[in-house]
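Contents: one structure, followed by commentary.
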Protein chains: 2
Amino acid sequence: MDRYLMISADCHAGPRPAEIRPYLDAAWLDAYDAWLADEPGQARHRAEHIGAPLFAEEAVDEFQEEAAGGMDGAWDSARRLRELDADGVVAEVIFPNSPLPFDVGLMTYQYAQDPGRWRAGVLAYNRWLADFCAETPGRRAGVGLITIDDIDETVRQVRWLRERDVFGGILLPGSAGVVEGQHAYNHPDYEPLWDVCEELGMPVHTHSGWTPNYGDFSSSVGIFLSEITWWAHRPFWFLVWAGVFERHPRMRFVMSEQKADWMIPTLKLLDSRYELPMFRQLRHTLPLKPSDYYRRQVFIGASFMDEGEWDTRHELGIDKLMWGSDYPHLEGCWPNTQATLQKIFKDVETRDVSRMLGETAAEVYGFDIDRLRPLADQLGPPLESIGA
Amino acid sequence: MDRYLMISADCHAGPRPAEIRPYLDAAWLDAYDAWLADEPGQARHRAEHIGAPLFAEEAVDEFQEEAAGGMDGAWDSARRLRELDADGVVAEVIFPNSPLPFDVGLMTYQYAQDPGRWRAGVLAYNRWLADFCAETPGRRAGVGLITIDDIDETVRQVRWLRERDVFGGILLPGSAGVVEGQHAYNHPDYEPLWDVCEELGMPVHTHSGWTPNYGDFSSSVGIFLSEITWWAHRPFWFLVWAGVFERHPRMRFVMSEQKADWMIPTLKLLDSRYELPMFRQLRHTLPLKPSDYYRRQVFIGASFMDEGEWDTRHELGIDKLMWGSDYPHLEGCWPNTQATLQKIFKDVETRDVSRMLGETAAEVYGFDIDRLRPLADQLGPPLESIGA
């Protein structure tokens, strides 16, 4: 084993608009076509969200050039395989790419203004993703979408995902507790969801992307960038205090593409509240302190982190951190993955690099290492090329 | 000058329910009496907010005993003076104490469900506070409440406060951008508010207390404690990105009772977004980076901080930090102020202690040092008793 076995714990995929049609329930096709045709309506919703385009035009042009055409690997399976192979990545965890039908997915928007549309978009994407993952057996683990306005339906969705055998977990909508009609994650009505995820070994994810609307102003992009990770962190302490980790010790919780530098200060804050005599009533409901639940069952899909962030890997737990390329997104390291890894891991021991680049993800998502090893021996970067 | 001149930049005051009646507009007296009598309704609103009592019963009992009767200084002016004198505090900045009429103030609740009631409560409290401050000339600076659903009315409120000559600023409601009908602070409609605060030299405050509702669950207290400071931080980056600091270079912004440990990481985050090539469009609207606006016009009403937090005083700016006792609240340092200060400042030079304990607050709030000095010479703790 003289090459790394690289698994990206954070990639994105989604079909082009026409390709989702066969996956939509027939009853929703007309509504979907109308939604697709209503470009001003879609644009208005997006403008309300963060106002202006997220990326500077020059940065987009530069990326298009570097990436030889950009994000087509989001839907083109053959191209995706070629690009990930060239990147040295033998397996990946797949989150949604935007836009998806009726704007379901990571970023946008105030879903569930129409629960039927929301569900139709979610089911269609999950079906598409099941097929997309099945094209390369053992190399793709999808993270399925769920709706949360009807818990029985949610549980059915999780069971459906598990039966497909190509999903590595579910994604919690970020909108819970903010959008009318969606309880925050401390609500007891969610108990069947945590039950089924624990029972079926489905990791529960949050991923940066969802935020409230900031209005159609030039300031909104800056505000979005200032709090986008916080909205993804937020369910963590809702689950801690609601005793979800206490009651579901085998449920795994993964926090993806939202950095890791916030975790230690946040655990310190939560523990310090828990331990303060004036709040000692918190201890009546939770026998362990918040950081104990973190250590027992939380993982960080760290994606790109700053150089200094990896230095905290032992405090965070070396088995907690999973690197991700964020392929095929502009803000990720692809197509400069090798150079990026050489830079961020230059002082990190090979043993630690190996865990963060793949071993932990293999364990969390159940990838079959024996099956992937031969591929890694061909594609993976040489051990001596990354790390200290 | 061998004693510290101590100004608490964070204290709380508010009348008992019957005492506010003379300050309410007559048209609202019946509604107020009905609201007061509706204890189940009030309890329900509070329960929806953070569910259970904030403090452990034993902690409340212990505080009552230590404080010889507890929080009566919130409304009893003579008692307050005696207690602050004994604490060594010669002047103070006053934020609201809960509950106030129609639940206006810091913590609760979803105000502006009825804009008329909200305004009636705000005006009554401001009138009461003006009289309360005037009882000890030069020693009390009130922070006035405002409503934000009608900007012309807001501007009139700020002008009224300035004319009273006993107010040290205004408090921004934390509910903006969350509660229906209240724009977030990046909305251009607020421009007249920033204009008038800059024109009149009225510092603009946020203070921890407001959060969204977490529901009537035992988990809600933990969630409240996990994010209460964040909701107070939040307007800072709304104002940064909206260019409010850029357009109002003389407007001062004070962030009270929300700790300081978050500020350096937050400035690093905001600056790093600002400087990333892929977001270079942010620089088109703001000539300075976020940390420059902080340095130019933001102050921290630090209240109680952890020992380590004061170690960052030079990075934060030694002229940025203002200590506060949080009198008469249980979570503050009173009635153990001297012992607390000895502990947290044990390695801090006298010069720095002096700034953080009073000099910066005197400057920000315009307290007359010459007038307060003789009092400090009697009441203030000896220089050698606190600091290194």
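Proteins get letters first, then strands, A, B, ... in listed order; numbering begins at 1 in each.
Using a distance-only test at 3.5 Å, with no hydrogens or angles considered, no donor-acceptor pair links the side chain of Asn186(A) to the main chain of Phe217(B).
In this structure, the portions of His187(A) lying under 4.5 Å from any heavy atom of chain B include both its backbone and its side chain. Looking at Ala184(B), neither its backbone nor its side chain comes within 4.5 Å of chain A, counting heavy atoms on both sides. Within the 4.5 angstrom heavy-atom criterion, no atom of Phe63(B) approaches chain A. Neither the backbone nor the side chain of Glu57(A) comes within contact range of chain B, judged by heavy atoms closer than 4.5 Å.
In this structure, Met278(B) and Leu330(A) approach most closely via the heavy-atom pair SD-CD2, 3.6 Å. Shown here for Ala59(A) and Pro277(B), the closest heavy-atom pair between the two residues is CB-O, 4.4 Å. Shortest non-hydrogen contact noted between Trp241(B) and Ser219(A) is O-CB, 3.4 Å. Of all heavy-atom pairs between Tyr214(A) and Arg234(B), the closest is CE2-NH2, 3.7 Å.
In this structure, Trp230(A) and Trp230(B) have parallel ring planes: the angle between them is below the 30° cut-off, well short of the 60° mark.
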Run the side chain to side chain contact (heavy atoms under 4.5 Å, CB included) test on Glu227(A) and Phe238(B) for me, step by step, so that the C-alpha distance in whole Å, both residues' side-chain angles and the decisive distance to 0.1 Å come before the verdict.
CA-CA 10 Å; Glu227(A) 28 182 76; Phe238(B) 277 69; 3.7 Å; yes
Could you walk me through whether Leu225(B) and Leu282(A) pass the side chain to side chain contact (heavy atoms under 4.5 Å, CB included) check?
CA-CA 11 Å; Leu225(B) 291 170; Leu282(A) 297 173; 4.1 Å; yes
Before giving the answer on side chain to side chain contact (heavy atoms under 4.5 Å, CB included), spell out for Phe224(B) and Arg273(A) the whole-Å C-alpha distance, their side-chain angles and the decisive distance to 0.1 Å.
CA-CA 11 Å; Phe224(B) 174 81; Arg273(A) 303 299 204 194; over 6 Å; no
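Residues of residues 258-272 of chain A placed with any heavy atom under 4.5 Å of a heavy atom in chain B are listed by number as Leu269(A), Leu270(A). Of all residues in residues 284-298 of chain B, those placing a non-hydrogen atom less than 4.5 angstrom from a non-hydrogen atom of chain A are Thr285(B).
Chain B forms more heavy-atom pairs under 4.5 Å with one residue of Ser220(A), Ala56(A), Pro53(A) than with any other, namely Ala56(A). Each of Gly177(B), Ser218(B), Pro188(B), Gly243(B) has some count of heavy-atom pairs under 4.5 Å with chain A, and the biggest count is that of Pro188(B). Note on Val240(B), Leu54(B), Thr229(B): by heavy-atom pairs under 4.5 Å with chain A, the leading option is Leu54(B).
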